[in-house]
Amino acid sequence: MNRLRLVGPQEQGSEEQAFQGSLRPSFLKEYIGQKTVVENLSIALEAALHRGEPMDHVLLYGPPGLGKTTLAHIIAQEMGTRIVSTSGPAIERTGDLMGVLTNLNTGDVLFIDEIHRLSRVVEEFIYPAMEDFQVDFIVDKGAFAKTIKVPLKKFTLVGATTRAGALSAPLRERFGLFYHLDFYQVEELVTILRRSAAILKVDLEEGAAQETARRSRGTPRIANRLLKRIRDYALVRGDGRANLPAAQEALAREGIDELGLDRQDRLYLRTMIEVYKGGPVGIEAMAATLNEEVDTLVDMVEPFLLKTGFVIRTPSGRRVTEKGYRHLALLPPDGSSQLRLF
Ligand code: ADE
């Protein structure tokens, strides 16, 4: 499977990171969508600033591409502090974290992406850092081993995870604030696209903005990426304006359909239908048939298919819904009873 999906929710390399970074809002007032999260976060920020104290530790959870990293940067920006970013898989040993933690100043944000992927040892090392702002550092080995308590400045840990359920309970309980990010509405994505187009100096027409938003899977990161493709297509094959025909043509070329599904999504649905009679089927079996990691399917493919209602999760496994069959222009099994004819 192609790792670099145009509609893949993950950031794809340093070039894309710079591109998406240039479109990222720096302050809460510029942030579009996630109204409840933004409101609650702004109360927490204002209260912390008022008291002159660092913010409580924050856990952000939800599918990739919805703004967890952006919000972590905004928290630091609004608090007037620095942010240090890392990720669960990048911290292999407690020693990796020691230097980072001891270099943090009061109020600094330590952002740990994919925090559910921290090793148990590292996770346990973090508990006293979060709770008492100190770490137990072990020096020497064997009989000479001793623990020294190293004091830390009062920092704010911002953790991001795609699956709150994958986080161990003791870690989850150490966060004071939890915010769930959900997929964006089309109108919110249109507003984000207009903002991005203005920054990129792209002449984005209304029809194209609507069309792009509809195909962006509720995800700003994808919307911005599609905008870039449409801009390039309009420049090379069109008249430079990002209008509806340019948007439709550019996206069709990439295999992205009217609802934003790409070839990988359709392959998932088709496999479930053709190999497993539409389910129910376990995720391990699907992963094996698609030659894919379970985590990739769970984190990258399924969230949007579940959101669109093309797939459901039942106690006995995943199933394609009638809506899913219809999207591929296929008849559901016992179609005569399920498919109403008007
Ligand atoms: N760019 C990406 N996500 C955004 C958001 N939520 N608001 C404004 N601009 C964005």
Side-chain angles (χ1 to χ4, degrees), residues 4-45 58-79 83 85 109 111 113-114 158-162 177-206 208-232 242 247 251 256 260 299-300 303-304 307:
L4 297 182
R5 300 163 73 194
L6 187 55
V7 293
Q10 226 70 341
E11 242 170 27
Q12 299 166 351
S14 55
E15 196 186 323
E16 163 148 297
Q17 217 164 359
F19 167 72
Q20 298 283 357
S22 71
L23 301 176
R24 204 168 263 162
S26 305
F27 294 96
L28 270 190
K29 66 175 176 352
E30 301 170 71
Y31 197 94
I32 296 152
Q34 312 293 346
K35 198 157 166 280
T36 315
V37 174
V38 167
E39 268 172 23
N40 292 342
L41 202 49
S42 100
I43 292 169
L45 278 164
V58 185
L59 182 65
L60 302 170
Y61 66 101
L66 300 189
K68 298 189 288 293
T69 306
T70 305
L71 286 174
H73 280 84
I74 288 178
I75 291 170
Q77 189 77 249
E78 297 270 0
M79 292 296 294
I83 178 166
S85 301
V109 170
F111 176 56
D113 203 4
E114 296 186 77
V158 179
T161 177
T162 45
L177 303 165
F178 302 80
Y179 298 116
H180 176 240
L181 303 194
D182 214 338
F183 290 108
Y184 290 67
Q185 304 295 319
V186 168
E187 277 314 310
E188 293 168 343
L189 290 171
V190 167
T191 312
I192 290 171
L193 281 163
R194 283 200 204 107
R195 178 179 176 276
S196 300
I199 295 170
L200 296 170
K201 301 194 174 24
V202 176
D203 185 3
L204 179 68
E205 293 188 356
E206 185 57 26
Q210 293 282 346
E211 186 69 20
T212 311
R214 272 197 297 275
R215 298 193 192 203
S216 297
R217 312 158 72 91
T219 308
R221 182 181 291 163
I222 297 176
N224 286 335
R225 201 184 291 147
L226 299 184
L227 175 64
K228 196 178 178 195
R229 286 295 165 95
I230 295 163
R231 173 192 68 175
D232 291 354
L251 300 180
I256 295 162
D299 291 340
M300 311 291 168
F304 187 65
K307 189 218 161 208

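Everything numeric here is computed off the predicted structure, so don't read it as measured data. Counting starts at 1 for both ligands and their atoms, in listed order.
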Residue, atom name and distance, where the atom is the protein heavy atom closest to atom 6 (N) of ligand 1:
I32 O, 2.9 Å
Is any NZ, NE, NH1 or NH2 atom of the basic residue among R195 and E30 found under 4.0 Å from an Asp or Glu carboxylate oxygen of the other?
yes
Given the options T161, V158, L177, L59 meets side chain to side chain contact (heavy atoms under 4.5 Å, CB included) only with T161
V190 to A209 - nearest heavy-atom pair and separation:
CG2-O, 3.9 Å
Which ligand 1 atoms, with their elements, are less than 4.0 angstrom from a heavy-atom of L23?
1 (N)
Parallel, tilted or perpendicular: ring planes of Y31 versus Y184, cut at 30 and 60 degrees
tilted
Relative to atom 5 (C) of ligand 1, which among I192, T219, L28 owns the nearest non-hydrogen atom?
I192
Does G33 reach ligand 1, in the sense of a heavy atom lying below 4.0 Å from it?
no
Would you mind checking which non-hydrogen protein atom is closest to atom 10 (C) of ligand 1, with the distance to 0.1 Å?
P25 CD, 3.5 Å
Which heavy-atom pair separates S216 from I222 by the least distance, and what is that distance?
O-CB, 3.7 Å
E30 near ligand 1 by a heavy-atom separation under 4.0 Å:
yes
To atom 3 (N) of ligand 1, the nearest of S22, G67, P220, G65 on a heavy-atom basis is P220
How close do A72 and L60 get, heavy atom to heavy atom, and via which atoms?
N-CD1, 4.4 Å
With a cutoff of 4.0 Å, is T70 in contact with ligand 1, counting heavy atoms of the residue only?
no
Examine K228 relative to F19 and say whether NZ or CZ is less than 6.0 Å from the centre of the six-membered ring and inside a 45° cone about the ring axis.
yes
Nitrogen or oxygen atoms of R195 and ligand 1 under 3.5 Å apart:
yes
